[in-house]
Amino acid sequence: MAADFNTMELMICVAARYLEDGKTVAVGTGAPCAAAMLAQKTGAPSLVVIFEAGGLAPQLPEMPISVGDSRTFYRAVMAAGMVDAMSTCERGQVDYAFLGGAQIDRFGNINSTCIGEYEKPKVRFPGSGGANDFASFCWNTMIMTVHSKTRFVEKCDFITTPGYLTGAGAREAAGLPEGGPYKIVTDLAVMGFDEKTKAMTIESLHPHVDVDKVQSETGFELLVSDELGCTELPTEEELRILRDEVDPLRLVIGRS
Amino acid sequence: MAADFNTMELMICVAARYLEDGKTVAVGTGAPCAAAMLAQKTGAPSLVVIFEAGGLAPQLPEMPISVGDSRTFYRAVMAAGMVDAMSTCERGQVDYAFLGGAQIDRFGNINSTCIGEYEKPKVRFPGSGGANDFASFCWNTMIMTVHSKTRFVEKCDFITTPGYLTGAGAREAAGLPEGGPYKIVTDLAVMGFDEKTKAMTIESLHPHVDVDKVQSETGFELLVSDELGCTELPTEEELRILRDEVDPLRLVIGRS
Amino acid sequence: MRVLDEGKGPLFMDPDPDKAREFFRSKSRAMVDKRMSVKEAVERFVTDGCYFATGGFGANRIPTAVCHELLRQGRRGLGFSGHTTTHDFQILCAGKVFDRLDAAYIVGLEARGLSPNARRYMQSGEVQVADWSNYALAARLRAAGEGVSYGLTRSMLGTDTFTRSAAKAVECPFTGKTLCAVPALWPDVAAIHVHYADKFGNAVYKGISVADHELSRAAKHLIITTERIVDEAVIRDDPSLTSIPFYMVDAVVEVPHGSYPGNMPYLYFSDEEHLAEWMRVERDPDELERFLDKYIYGVSTFEEYVELCGGAERIEQLRKIELVEQPATPAGQGA
Amino acid sequence: MRVLDEGKGPLFMDPDPDKAREFFRSKSRAMVDKRMSVKEAVERFVTDGCYFATGGFGANRIPTAVCHELLRQGRRGLGFSGHTTTHDFQILCAGKVFDRLDAAYIVGLEARGLSPNARRYMQSGEVQVADWSNYALAARLRAAGEGVSYGLTRSMLGTDTFTRSAAKAVECPFTGKTLCAVPALWPDVAAIHVHYADKFGNAVYKGISVADHELSRAAKHLIITTERIVDEAVIRDDPSLTSIPFYMVDAVVEVPHGSYPGNMPYLYFSDEEHLAEWMRVERDPDELERFLDKYIYGVSTFEEYVELCGGAERIEQLRKIELVEQPATPAGQGA
């Protein structure tokens, strides 16, 4: 019988598996960091973690609260700066970056700036931070988020961070380097992007979820992969490591 | 009676007096460094010395052999890098720079690259090094050199480093920041530059030298300042400090 | 080489490098004693309407004492910028210190959530904003420190972040490709907190530099707050360690625990309980008012503030967390 | 925003950042043991015709062992660049290793005078040259390390140095002022000598960085020669000190006294007598030939070379000079 887990644990375990060994990942706090730490303790022991404020390849003793706090360069190979960290991304040495946001559209564009009129917003969010840079520079960007219609929207109120912009060819036309959204892991499914159109595509459904359910929680029409799969559940071992070693204080997995 | 001194000692003592206290100077090895050290020990105790390779405000224990050797950051306030040192110049914080070269023209342009055809030169010299950058960025550039017709030429074979280029307004037209040649100290005279035309102008004659003598050793017509002066001789005190403290091994002053 | 597109966001500061050069030409390079109180430093260098920037990273190695002092002295109408600004931003919003903002990361405190009061202020329409990415802001400072009028990045392109910035998309003269040009930014004054400095301003920070290398070379005036002031000889004994040379610095202020309630690498972790308290009281403007009266307006020195927050005992607890002897649990979270 | 003028010098390397990104995408980021001999490092990473660059500053913290090995392995047709290159340049000229050159400071050895053989080679017409300033070359490397296609400086403008470079004068899109745009330079391989490194390539140098921060981020392949190899824990114990992260590095070669006869800060001063000997023998090509046979072609390791030059005893003398216990007198000069 499958292990018992909450949706945060599920998302983290699923996301972690996409991080290949020997690659680099730029992470923030919370779930992305947990996914990177889990990957390091499972299939990707030599995954290199980079923080935008300058922490390079730390041996994280616990989850950071800020991407610039001491934990992010605890026993790191280098305590660098933002220019050095971001330059590493810009010249093409960072494989994955994790992003978050309030809204996401079919091309993986993200809004983390505001809802409503820009000059006097209904809701003001933090803005880009390093997200726009990561999404512009890194080869594959990943998103972990809960799946809802208010989040997966037809049109973002503001495009803070580039996905594929208006679709195939648009990044190139804008001058962005090759790269773009890779996987979106939600509490319902894993989505990728259609190779031709760059539109969001359901690739794998979580247990007890069907396409209609995912579509009903999405504000635009999703494509469905020809090779639609069923998400592999977290293993007992993954859950044990996540709970006992990665997040023993349940700072992230306790939020679900 | 005046002290006995050689022309190198004369040039160094004269040049040192132009370095105001509390200012910054970018220096190379040899005579410029001796002038800066002498200034620090006489009228400009808080003159800040900067080396292009990164040494900032060292307490020079002796003359460096290279502008990147250990002496250039001995007990410095910072062992920085070339970008940091040059940026300090480019953003306008360095008052003086000393330059040298094989040829100099009436507008203070300098050749330190080659004599003859560029692709297959008769003589190849080092090239710019940091000289072009210093002359572009620093507020006042200074030259110490022996005075001869082969050095003071009508036209440089190659303009390595900018003086006033083709004269008044030319730096601005080329896009260079404000700045340019300030004083040229030779074994015969001190020359400045005419405010209006930016042409080289005799400002002060060394003892026993007249305008004709200077002109006869110069490959172009020099202007003569309305306030032509007589160079003040090195004092006993200056010479003592130069010989005993700045260059006790006579590495520079022994060359004359 | 053409300008292909341009953001329509406001450009608050002139990117003319010759004007900056004129300023730096007149800035003293004399190695003189620059020690003073935070009160004096703010009085002398931060004027109403000037453009201000903080070093560090939001709640890590931040110049808290300078931020508090800006409130106490009632500074208004400032321009402000930060790559990730969190608790520093929150303090400045509480005093409505700025009304022009180059934003990259604002109103949030990362994993701690969003500041209710900072959001209210940013949603009030009282603040003129340009949006940027973190790296774009760092690139603006870097260009300024290098004395050129713009810097380059390949980010921001194609997004509303670009549109709401004052960046321009330009064609590379070598490759024909599109790059994002960002205008140099010389803040009028910046404050950076460091581990130690001598009285002339030669300063050393440890751990990540964030964008403080760039900021310290770009700021026209620079206030250094430092955990401790050391003899000049400590600096000269190992010049490889120096982060900031004295000639950039205008004021050296000794402020032990000066990043509190933020994290100071190797010395003390952030005080998550106090930061949570900030977030809690911000829900109610009246309660925030009382809170500010108690912790900022009602004290005259930063030392008093630290005392109010638990003083040496609290700092000792935070030291243990910093040294990983105890876990860093965000208040109100955890099992 | 227009291109106002352009240098007519050759551009040896493609400044396309997307091609560089493709390379770096495929470059391994795995933390693996990269220790090898200098022979193996040169065999694997420096191929005939590739573009090579050295770290340090001419005769200060230079990768002498790699330069010697290039001669022993008979590398030809290389491209080469250096901000100030002096003794390193002299060695490479002795082997006619390169025939394309981005020059900023060449043929001279600063206060020591000019290298007769380097001048002969540079006056032979065999070398295709572009001239730059030191800072322009550093700015080219910096742009490359940042992943953009060009960098900016306000130098070089209006001179023949500009004309003989591949720079372009461009109009600033913000101010309308003229700037000098220099194309990004990603060397195929660079060699940098450091104080210590772990086996993965995390490397630390002390003293001035010259342009090695920029070079280490720009080079596609990087050979680190190091005075000593340390345990990974030494690096992780104080990550503030790290100069170069492992993922830039391809080879880690332990070479004690590896900058000899150049200066290594805090360890040994330059051997002015040996450098003077180089200058002397260079006057006569036959004598130079015999000299090279003895010191480079006739030995198989760098250790043998140091032995020939006086070994431990000589190094101890140079250590005393470095520590300012004895003066550093250029040979043949002084009272």
Side-chain angles (χ1 to χ4, degrees), chain A residues 28-30 51-55 61-74 79-83 86 90 109 113 118-133 135-137 156 158-162 165 170-171 173-177 248-251 254-255, chain C residues 56-60 83-84 86 103-108 110-112 114 119 122-125 131-136 138 142 153-161 164 169 177-180 206-214 263 265-266 269-270 272 322 324 327-330 333-335:
Chain A
T29 56
F51 289 92
E52 68 181 84
E62 61 182 336
M63 302 284 250
I65 295 171
S66 158
V67 299
D69 78 29
S70 298
R71 296 337 188 207
T72 64
F73 51 95
Y74 183 79
M82 187 182 282
V83 168
M86 284 296 186
E90 192 165 19
N109 303 302
T113 301
Y118 176 79
E119 277 87 359
K120 199 180 167 187
K122 210 171 115 205
V123 187
R124 172 73 208 204
F125 295 116
S128 160
N132 183 300
D133 306 306
S136 299
F137 300 152
C156 290
F158 189 102
I159 296 182
T160 309
T161 296
L165 301 177
R171 276 180 76 98
L176 291 174
L249 297 172
R250 302 184 60 75
L251 301 180
R255 279 197 211 161
Chain C
F57 194 83
N60 307 288
H83 40 267
T84 295
T86 69
Y105 181 99
I106 58 169
V107 309
E110 300 190 80
R112 305 172 189 98
L114 298 171
R119 286 177 80 170
M122 292 309 300
Q123 289 160 198
S124 70
D131 264 81
W132 307 83
S133 69
N134 263 350
Y135 184 59
R142 183 181 57 200
T153 170
R154 302 183 75 193
S155 55
M156 300 237 297
L157 297 163
T159 63
D160 291 322
T161 305
R164 292 300 184 167
K177 298 197 170 187
T178 306
L179 293 164
C180 179
K206 297 176 189 179
I208 53 172
S209 56
V210 194
D212 289 355
H213 179 92
E214 292 72 25
N263 170 211
Y266 308 111
F269 202 73
S270 45
E272 294 302 321
E322 176 62 18
V324 199
T329 315
Q333 296 191 13

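These values consider heavy atoms only, across backbone and side chains, with no hydrogens, waters or symmetry-generated copies. Sequence lines set the chain letters: A, B, ... in the order given, protein chains first and strands last, and positions in each chain run from 1.
For chain A, the nearby parts of C:Ile106 are the backbone and the side chain; heavy atoms of each come within less than 4.5 Å. If you measure heavy-atom distances from C:Ala59 to chain A, you find no contacts under 4.5 Å at all. Only the side chain of A:Pro61 comes within less than 4.5 Å of a heavy atom in chain C; its backbone stays farther off. Using a 4.5 Å cut-off between heavy atoms, A:Leu165 contacts chain C through its side chain alone, with no backbone atom that close. In this structure, the portion of A:Tyr74 lying under 4.5 Å from any heavy atom of chain C is its side chain and not its backbone. Both the backbone and the side chain of C:Thr153 come within contact range of chain A, with heavy atoms under 4.5 Å apart. The parts of A:Ser66 that come within reach of chain C are both its backbone and its side chain, each placing non-hydrogen atoms under 4.5 angstrom from that chain. Heavy atoms of C:Asp131 lying under 4.5 Å from chain A belong to its backbone as well as its side chain.
Ranked by heavy-atom pairs under 4.5 Å with chain A, the first of C:Glu214, C:Gln123, C:His213 is C:Gln123. Ranking A:Thr29, A:Thr113, A:Asn132 against chain C, the residue ahead of the rest is A:Asn132, based on heavy-atom pairs under 4.5 Å. With chain A as partner, the option from C:Gly125, C:Gly158, C:Gly108, C:Ala104 having the largest number of non-hydrogen pairs under 4.5 angstrom is C:Ala104. Comparing A:Gly68, A:Ala170, A:Gly81, A:Ala174 by heavy-atom pairs within less than 4.5 Å of chain C, the highest count is held by A:Gly68. Contacts with chain A were tallied for C:Leu179, C:Asn263, C:Asp212, C:Thr159; C:Thr159 has the most, counting heavy-atom pairs under 4.5 Å. Contacts with chain A were tallied for C:Ala103, C:Gly58, C:Ser124; C:Ser124 has the most, counting heavy-atom pairs under 4.5 Å. Among C:Met156, C:Met122, C:Arg142, the residue making the largest number of heavy-atom pairs under 4.5 Å with chain A is C:Met156. The candidate with the highest count of non-hydrogen atom pairs below 4.5 Å against chain C, out of A:Gly127, A:Ala79, A:Gly129, A:Gly55, is A:Gly129. Comparing A:Met63, A:Glu90, A:Met86 by heavy-atom pairs within less than 4.5 Å of chain C, the highest count is held by A:Glu90. Ranking C:Thr161, C:Asn134, C:Thr178 against chain A, the residue ahead of the rest is C:Asn134, based on heavy-atom pairs under 4.5 Å.
Of the possible polar contacts, none joining the C:Ser133 side chain to the A:Ser128 backbone as a donor-acceptor pair under 3.5 Å is found. Using modelled atom types, one side-chain atom of A:Arg171 and one backbone atom of A:Ser136 make a donor-acceptor pair closer than 3.5 Å.
Side chains of C:Arg154 and C:Tyr135: a donor-acceptor N/O pair is absent below 3.5 angstrom, by distance only. A donor-acceptor pair shorter than 3.5 Å can be found between the side chains of A:Ser70 and C:Glu322. Side-chain contact check for A:Tyr118 and C:Asp160: no donor-acceptor pair (N or O, by modelled atom type) lies under 3.5 Å.
Test A:Val67, A:Thr72, A:Asp133 against A:Glu52 for side chain to side chain contact (heavy atoms under 4.5 Å, CB included) and you get one pass: A:Val67.
At least one side-chain heavy atom of A:Phe51 sits less than 4.5 Å from a side-chain heavy atom of A:Pro64. At least one side-chain heavy atom of C:Ser155 sits less than 4.5 Å from a side-chain heavy atom of A:Phe137. You'll find the side chain of C:Glu110 reaches within 4.5 Å of the side chain of C:Tyr105, heavy atoms only. Put simply, the side chain of A:Asp69 does not reach to within 4.5 Å of the side chain of C:Ser270, judged on heavy atoms.
Cation-pi geometry between A:Arg71 and C:Phe269 is satisfied (NZ or CZ under 6.0 Å from the ring centre, within 45° of the ring normal).
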